[in-house]
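Structure first, commentary second.
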Amino acid sequence: MPGTSRRTGVELEGEVALNDMFTIGANYTYTDSATSATTAWGSVPRHALGLSLGAEITPEISGTLNINHAADRAGLPDYTVANLALDYDFGNDTRATLRVENLFDEQYQLVSGYGTSGRAIYVGLAKSF
């Protein structure tokens, strides 16, 4: 594709254990995008913020709640999406997972004109050998 593009920025990330059960995390990305051609870089948010809360509910059950916010995207509105994941350890290297993406069924676009999935639920079972 003809033209040039340039991206610069900074990423910050941290996580802290609140106690034996909970951890809280945050991340922030600042991206400065410049382009001389029509590219997908225009939909990259200038500001992306993520917050997470992790929990070891029991020795077998753990979970994570993530909230992601994207702001200042060329021609696109800001959005906030929450995701939830739960994990159950059966022992013997066997795990069950439940993941809910877009927990509150937000309507948003990553690229102009292309919608994203509404709430999506994923269930999994994994065995390690």
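Any value given below was found using the heavy atoms of this structure, including those in side chains, with hydrogens, waters and symmetry copies removed.
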Nearest 0.5 Å, please: how far is [atom2] in [Y] from [atom1] in [X]?
X: Ile61; Y: Asp89; atom1: CD1; atom2: CG; value: 10.5 Å
X: Tyr28; Y: Leu12; atom1: OH; atom2: CG; value: 8.0 Å
X: Leu76; Y: Leu110; atom1: CG; atom2: CG; value: 9.0 Å
X: Leu84; Y: Leu103; atom1: CG; atom2: CG; value: 6.0 Å
X: Arg99; Y: Thr64; atom1: CZ; atom2: OG1; value: 12.0 Å

With the threshold set at 4.0 Å, does a side-chain nitrogen-carboxylate oxygen contact exist between Arg95 and Asp87?
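Answer for the salt bridge query: yes.
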Salt-bridge criterion met for Lys127 and Asp93 (N-O under 4.0 Å):
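Salt bridge between Lys127 and Asp93, a charged N being under 4.0 Å from a carboxylate O: no.
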Is [Y] close to [X] at the side-chain level, that is, under 4.5 Å between some pair of heavy atoms?
X: Thr80; Y: Asn68; result: no
X: His69; Y: Asp78; result: yes
X: Asn102; Y: Tyr108; result: yes
X: Tyr79; Y: Glu106; result: no
X: Gln109; Y: Thr116; result: no

Report whether [X] and [Y] are members of the same hydrophobic cluster (ILVMFWY, side-chain heavy atoms less than 4.5 Å apart, transitive linking).
X: Val81; Y: Tyr122; value: no
X: Leu51; Y: Ile24; value: no
X: Ile67; Y: Phe22; value: no

Is the backbone N or O of Thr94 less than 3.5 Å from a side-chain atom of Asn92, with the two atoms forming a donor-acceptor pair by type?
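Absent.
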Short side-chain to backbone donor-acceptor contact, Asn27 and Glu11, under 3.5 Å
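Between the backbone of Glu11 and the side chain of Asn27 there is no qualifying donor-acceptor contact (under 3.5 Å).
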Yes or no on side-chain contact (heavy atoms from CB on, under 4.5 Å) for Val10 and Thr29, after CA distance, side-chain angles and deciding distance?
CA-CA 6 Å; Val10 64; Thr29 302; over 6 Å; no
Verdict with reasoning, Leu125 to Phe90, per side-chain contact (heavy atoms from CB on, under 4.5 Å)
CA-CA 10 Å; Leu125 183 63; Phe90 290 101; 4.2 Å; yes
Starting from the C-alpha separation in whole Å, work towards a yes-or-no answer on side-chain contact (heavy atoms from CB on, under 4.5 Å) for Arg46 and Thr31.
CA-CA 5 Å; Arg46 183 176 302 272; Thr31 305; 5.9 Å; no
Which side chain to side chain donor-acceptor pair (under 3.5 Å) pairs, counting each pair once, include a residue from residues 48-59, with sequence neighbours left out?
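Residue pairs passing side chain to side chain donor-acceptor pair (under 3.5 Å), neighbours aside: Thr58-Glu60.
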Surrounding CG of Asp20 (heavy atoms of other residues, nucleotides or ligands, distance under 6.0 Å), is the total greater than 12?
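Check fails, neighbour count at 12 or below.
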Can you sort out the partners of Phe104 under ring pair (Phe, Tyr, Trp, His ring centres under 6.0 Å), two or more places apart, ordered by chain and number?
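Here no residue qualifies.
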Tyr30: ring pair (Phe, Tyr, Trp, His ring centres under 6.0 Å) partners, not counting sequence neighbours:
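Counting only residues at least two positions away or on another chain, Tyr30 forms a ring pair (Phe, Tyr, Trp, His ring centres under 6.0 Å) with His47.
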Quick one: do Val100 and Asn83 satisfy side-chain contact (heavy atoms from CB on, under 4.5 Å)? Show the steps, please.
CA-CA 6 Å; Val100 182; Asn83 304 303; over 6 Å; no
